[in-house]
Number of protein chains: 2
Amino acid sequence: MAVQAGTVERILDTAEVLFAQKGFAETSLRAITSKAGVNLAAVNYHFGSKEALIQAVFERFLAPFCTALGAELDRLGEADDTPLTLDQLLMLVSGIALTSQAQNPHRVALFFRLCGLAYTQAQGHLRKYLREHYGAVFKRFLRLLNAAAPDVPPMELFWRVHFGLGATVFAMSGMDSLRAICKSDFGEELSVADVNQRLLPFIVGGIRADNAAS
Amino acid sequence: MAVQAGTVERILDTAEVLFAQKGFAETSLRAITSKAGVNLAAVNYHFGSKEALIQAVFERFLAPFCTALGAELDRLGEADDTPLTLDQLLMLVSGIALTSQAQNPHRVALFFRLCGLAYTQAQGHLRKYLREHYGAVFKRFLRLLNAAAPDVPPMELFWRVHFGLGATVFAMSGMDSLRAICKSDFGEELSVADVNQRLLPFIVGGIRADNAAS
DNA sequence: TGGCCATGCAAACATATGTTTCAAACGTGT
DNA sequence: ACACGTTTGAAACATATGTTTGCATGGCCA
C-alpha cells in the first residue's frame with residue numbers, strides 16, 4: 001500500500017484486504033472508507049455501488065493475470081511440438097500468479113482467498129461477471145490440462161481441477177493458522193513458498209489418481 | 001422437513017438450508033422465520049440470539065456425527081490387529097456422515113457446505129465453539145490416518161489432510177454452481193453422491209502422491 | 001374453575017448499512 | 001484572475017436487521 005495514492009487505489013487496496021479477511025457482506029463501506037482514510041461517498045462516486053467495487057477489486061487482480069496467462073498460452077500454442085506436463089502447467093499458472101502481482105507477492109494469497117469467496121458467498125453478480133470476462137482463458141487452460149493428462153476424462157478433469165482449486169484456496173485462507181499449528185506440532189516453521197511446494201504434488205497426485213469411479 | 005413440527009425444529013430446518021444457500025450474514029432472521037412460518041421473536045425466544053442459532057444448527061449436525069465417529073473409533077481401537085487403509089478410513093467418515101443423518105442423506109451436503117462457511121466466513125465465535133466441542137475427535141482421527149499412510153511423513157500428511165479437507169469443503173460449498181457449470185459444459189447432471197465419488201479418489205491420490213517435488 | 005407458566009404474536013426500538021444530496025474545495029485551461 | 005468540470009466532505013435518507021417489549025393465548029395442575 002503506497003503511502004500516498006489516489007482515492008481509487010486507496011479504496012481498492014483497503015477493500016481487497018478487508019474483503020479477504022471478512023467476506024463481502026460482512027465488510028461495510030464505512031469500514032473500508034474509514035480505514036482507507038477517504039470519504040464514505042467516495043466509493044459510490046468512483047465505482048457506483050458496492051457490487052461494482054467488488055467487481056473492480058477482482059478486475060485489478062484478474063486483468064494482469066489473465067493477459068499474462070493468455071500471452072503465455074499463445075507462446076505455447078505456437079510451439080506445440082511437446083505438450084507440457086501437468087507439473088509444468090501448474091507451475092506455470094503459479095508462476096504467472098506471482099509475477100502478475102510483482103509489486104507485492106503477498107497479494108497472491110489474497111487473490112486465491114477472494115477466488116474462494118467468489119464461490120462460497122452468494123454474490124451471483126460476481127460469478128456472472130467472472131464467467132463473462134475470464135471464462136475463455138480458463139477454458140483454454142483446461143484444454144491444455146486435458147492434453148497433459150490424457151488418461152483423465154474431460155469431465156473428471158474438470159472436477160479435479162476444482163478440487164485442486166479448493167485445496168489451494170483453503171490452504172491460502174488458513175495459511176497463517178495452519179502454519180502456526182505446524183510449528184507447534186512439528187517444530188518446523190514453513191514459509192508460504194514451502195506450503196506451495198507441498199501443495200503442488202498433492203494436486204498433481206489428485207489429478208493423476210486412478211479413476212476407479214465409473 | 002416435517003409437515004408439522006415444533007417451532008424449534010422448524011426454525012432449525014429452515015435456518016440450515018438458508019444458511020447453506022446464502023451464508024450467515026446474508027440470511028436474516030426475518031427470512032428464516034417467515035419461511036419457517038413462525039414469529040420473528042421466536043428465534044430470540046428459543047435460542048437467545050442469531051449467534052446461538054448458528055451454533056445450534058451446527059450442533060444438530062455434529063453431535064450425532066461425532067458420537068457415531070467416536071463409537072466407531074472405539075470399536076476399531078479394540079480390534080487393532082489390521083490398521084485400515086486410507087480409502088477405508090476416508091470412506092468410514094464419509095459413511096458415518098451419511099448414516100448419522102439417516103433421516104435425510106441430502107443434509108450431508110448441507111453439513112459440508114456449512115463447514116466451509118465456518119471457515120470462509122468470519123464468525124469467530126463459531127470456530128471457537130467448534131474447536132472446543134469437537135476438536136478432540138478430529139485429532140483422534142488424524143492419528144489413525146497417520147497409521148494408514150506410513151510412507152508419508154507426519155508433517156507432509158498434516159498438510160495433505162488439510163489440502164484434502166479444503167478440496168472437500170470447497171467442493172461442497174460451490175457444489176451448486178459447479179454442478180450447474182458441469183451441466184452446461186458437459187451436458188451431464190451430477191448428483192451430490194456423484195461428486196463425492198469423484199472427490200475420494202482425488203484426495204487419496206493427493207495424500208498418496210510421491211513427494212518428489214524439489 | 002382459576003391461577004400459572006411456557007409459548008406465540010404484533011409492534012416498537014436501536015442500530016447499521018448502502019445510497020443520495022448539495023455545498024465547499026480543488027485543479028486546470030483560458 | 002476567472003470559470004468550469006472534477007473531486008471531496010458532512011449530513012441526511014431510506015431501508016434492513018437483531019433485539020426487546022407487552023400483551024394475548026393455550027395447556028396443565030391444584
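The sequence lines fix the lettering, A, B, ..., with proteins before strands; numbering per chain opens at 1. What's counted below: heavy atoms across the whole structure, side chains too, no hydrogens, waters or symmetry copies. Worth saying up front: this structure is predicted, and the values here are computed from it rather than measured.
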- Close aromatic pair by centroid cut-off 6.0 Å: B/Phe58 and B/Tyr134: no
- Note on the structure: Nearest heavy-atom contact between B/Arg10 and B/Val38 is NH2-CG1, 3.4 Å
- Note on the structure: So the ring-ring contact (aromatic ring centres under 6.0 Å, His included) pairs with at least one residue in residues 158-182 of chain A (sequence neighbours excluded) are A/Phe138-A/His162, A/Phe158-A/His162, A/Phe158-B/Phe186, A/Phe163-B/Phe202, A/Phe170-B/Tyr119
- Task: With sequence neighbours left out, write down each residue that passes ring-ring contact (aromatic ring centres under 6.0 Å, His included) with A/Tyr129, or none if nothing qualifies.
- Result: A/His133
- Looking at A/His46, does any N or O in its side chain come under 4.0 Å of the phosphate oxygens OP1/OP2 on D/dT8? yes
- Per-nucleotide protein contact string for nucleotides 12-21 of chain D, where B marks a base within reach and S marks sugar-phosphate only (heavy atoms under 4.0 Å, - for neither): B----BBBBB
- Distance check: side-chain N/O of B/Thr7 vs OP1/OP2 of C/dG8, anything under 4.0 Å? yes
- Task: For the pair B/Arg160 (side chain) and B/Ala209 (backbone), establish whether a donor and an acceptor sit closer than 3.5 Å, ignoring hydrogens and angles.
- Result: yes
